[in-house]
Amino acid sequence: VSGVAQTIVADLTWTGTALEPNIAVAVDAGGKITRVGPATGASHTRLPGRALFPGMVNAHSHAFQRGLRGYGETFPKGKGSFWTWREAMYGLVERLDADRLRTLCVQAFREMRDAGITAVGEFHYIHHLDPAALDFTLDGVVLDAAREVGIRLVLLETYYRTGGIGQPLGPGQRRFATPDLSTYWRQIDRLAAALEPSRESLGVVAHSIRAAEPVEIGELRREAQARRLPFHMHVEEQRREIDECVAAYGAPPMHVILEALDGAAHVTAVHCTHTAPDDMARYLAAGGRVCACPLTEGNLGDGITNHAAQPEAGFRLALGSDSNARIDMLEEMRWLEYGQRLRAESRGMLADAEGSVARGLFGVATEGGAEALSLPAGRIAAGAWADFFTVDLAAPAIAETPPERLLDAVIFGADSSAIAATCVGGRWRSRAVTSDKEL
Ligand SMILES: [Zn+2]
């Protein structure tokens, strides 16, 4: 799948620190950016009334959970929790067939593109149509759905062996089964041979401390390093997971993982909602990255992660839409900051070195995600994939904002309806517009 060679000139282009006029972005037929510089001469693809930004990277998604939207928000028996929600999610998993999964993935991936997301890390664990056959049929369904939508996919293929520490898989978990490491790596090899390298890549995943033993987590990460693949894992989203881990291993999951791993480069820990500050500091010092999912963490009542320990010069953070209860990266960004403000009773929590919160957050949503997924993306620079989104400068939420305030206005004042189009590897797609004929 190759793109179209083109030179793009928008009214304004994000060059890493500011929006600038008269910037030409040259893209080759292979879908990569070859040059970024002053616009000269003709034969440009002009984008009047648009600002061009690097596409946003969604570092953590379970696309099928789009099927729970509108469900699980009533509480007839009183208060719910993550664990009651998980029962509803397992119910959905048992009812899924290949067609339904494909429909849900296509819906989620389309919404992502409409929200300015050009790459997604799909943390995928529903592998089997028939759990007894270990068929891995549903891995291919996710790939097909991403191809249909044209979103860049990092298939974060998930190892899931136990249904809780030392427990067999429960009835709702049988479709997740990877019974041993050799079965897992055979499937990784099969997937690697089936990928379209201009759009698709792989990542290695241990679902959580509930689903894999520390020795397996260490082996998965070691082999991921050897294959130059990123490694992801859910870590300390819920206090119950920490209690169970302390009971089994004498320490919380982050502590156990740090003991099992040799460093944490190319490791992304998802959530870290309840991670102890000293464990977090050790993890970050070892090179680890955290993926926050503010809308899902809010929806599930997980709690608010303390990001105060993040290094000042550049956060090692990424963002994910996780349960896809809502898909809007602008909202994820501001809630990442608002959660910290509410927690600390202070403002400007995730500002960059010059004090700009919007720039700090946008770096998390673009380069932070790209680094978590080991993608050359998330910036408009030679050598990166030609993945972009455009903002409609006439959109009501941001109209008449001067260029130097535009990123702030988009992140704090707009939603994805201000996004006009996305481009993945040089191939454009306009945002879907709802018909107003009947209004
Ligand atoms: Zn998740």
Side-chain angles (χ1 to χ4, degrees), residues 6-27 33-42 44-57 113-118 314-315 319 328-338 347-370 377-382 384-423 428-431:
Q6 58 201 295
T7 300
I8 303 155
V9 182
D11 282 6
L12 296 166
T13 298
W14 182 254
T15 55
T17 51
L19 281 159
E20 298 180 43
N22 296 314
I23 298 289
V25 181
V27 174
I33 299 169
T34 53
R35 196 187 78 88
V36 180
T40 52
H44 293 333
T45 305
R46 293 258 166 204
L47 300 176
R50 300 282 185 262
L52 184 74
F53 291 93
M56 291 182 278
V57 179
R113 284 203 67 167
D114 284 347
I117 294 164
T118 48
F315 317 105
L319 277 169
D328 190 319
M329 286 296 265
L330 301 175
E331 201 166 316
E332 297 284 359
M333 272 186 262
R334 59 185 170 252
W335 272 103
L336 179 62
E337 167 73 13
Y338 288 167
R347 303 179 74 233
M349 304 301 289
L350 293 168
D352 71 2
E354 280 91 49
S356 169
V357 174
R359 272 203 316 237
L361 293 173
F362 194 57
V364 169
T366 52
E367 291 178 85
R379 62 209 156 85
I380 299 181
W385 289 117
D387 294 359
F388 313 110
F389 73 91
T390 60
V391 163
D392 176 2
L393 294 171
I398 54 162
E400 297 184 30
T401 307
E404 67 275 15
R405 296 267 68 92
L406 188 65
L407 185 72
D408 302 62
V410 167
I411 291 176
F412 289 100
D415 62 23
S416 48
S417 64
I419 290 168
T422 52
C423 178
W428 287 90
R429 176 177 181 275
S430 295
R431 188 173 198 279

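Every heavy atom of this structure was used, including side-chain atoms; hydrogens, water molecules and symmetry mates were not.
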Residues, nucleotides or ligands: over 12 heavy atoms within 6.0 Å of R35 CZ: yes
Flag, side chain of R113 to backbone of T422, donor-acceptor distance under 3.5 Å: yes
Main-chain N/O of L350 paired to E337 side chain as donor or acceptor, under 3.5 Å: yes
Steps toward side chain to side chain donor-acceptor pair (under 3.5 Å) verdict (T15, E20): CA-CA 7 Å; T15 55; E20 298 180 43; 2.5 Å; yes
Short side-chain to backbone donor-acceptor contact, T366 and F362, under 3.5 Å: yes
Over 12 foreign heavy atoms within 6.0 Å of CD, E404: yes
Donor-acceptor contact below 3.5 Å, side chain T13 vs main chain L52: no
Nearest non-hydrogen partners of A370 and A377, listed with the distance: CB-O, 3.3 Å
Atom of A399, atom of A394 and distance for their closest heavy-atom approach: CB-O, 4.3 Å
Non-hydrogen side-chain atoms of V410 and L330 separated by less than 4.5 Å: yes
T118 (side chain) donor-acceptor with F388 (main chain) under 3.5 angstrom: no
Test item: M333 and M56 side chains (from C-beta on) under 4.5 Å apart, heavy atoms: yes
Sidechain-backbone polar pair: N22 side chain, A39 backbone, donor-acceptor under 3.5 Å: no
Donor-acceptor contact present, side-chain R431 to main-chain A420, <3.5 Å: no
Closest non-hydrogen atom pair between F53 and L407, with its separation: CE2-CD1, 3.7 Å
Minimal non-hydrogen separation, L12 against P21, with atom names: CD2-N, 4.1 Å
Test log, rule side-chain contact (heavy atoms from CB on, under 4.5 Å), inputs W428 and Q6: CA-CA 11 Å; W428 287 90; Q6 58 201 295; 3.0 Å; yes
Salt bridge D408-R359, side-chain N to carboxylate O under 4.0 Å: no
Residue pair R429, D114: steps toward the side-chain contact (heavy atoms from CB on, under 4.5 Å) verdict: CA-CA 9 Å; R429 176 177 181 275; D114 284 347; 3.1 Å; yes
Student check: side-chain heavy atoms of E367 and P54 closer than 4.5 Å: no
Nearest atoms (heavy-atom pairs only) where S416 meets A115: CB-CA, 3.6 Å
For I398 against L393, the heavy-atom pair lying closest together: CD1-CA, 4.3 Å
Approximate separation, where rounding is to 0.5 Å, of E331 CD and D415 CG: 7.5 Å
Any donor-acceptor pair under 3.5 Å from D11 side chain to G49 backbone: yes
Min side-chain heavy-atom separation I23-W14 under 4.5 Å: no
Inter-residue atom distance I8.CD1 - T390.OG1, 0.5 Å rounding: 10.0 Å
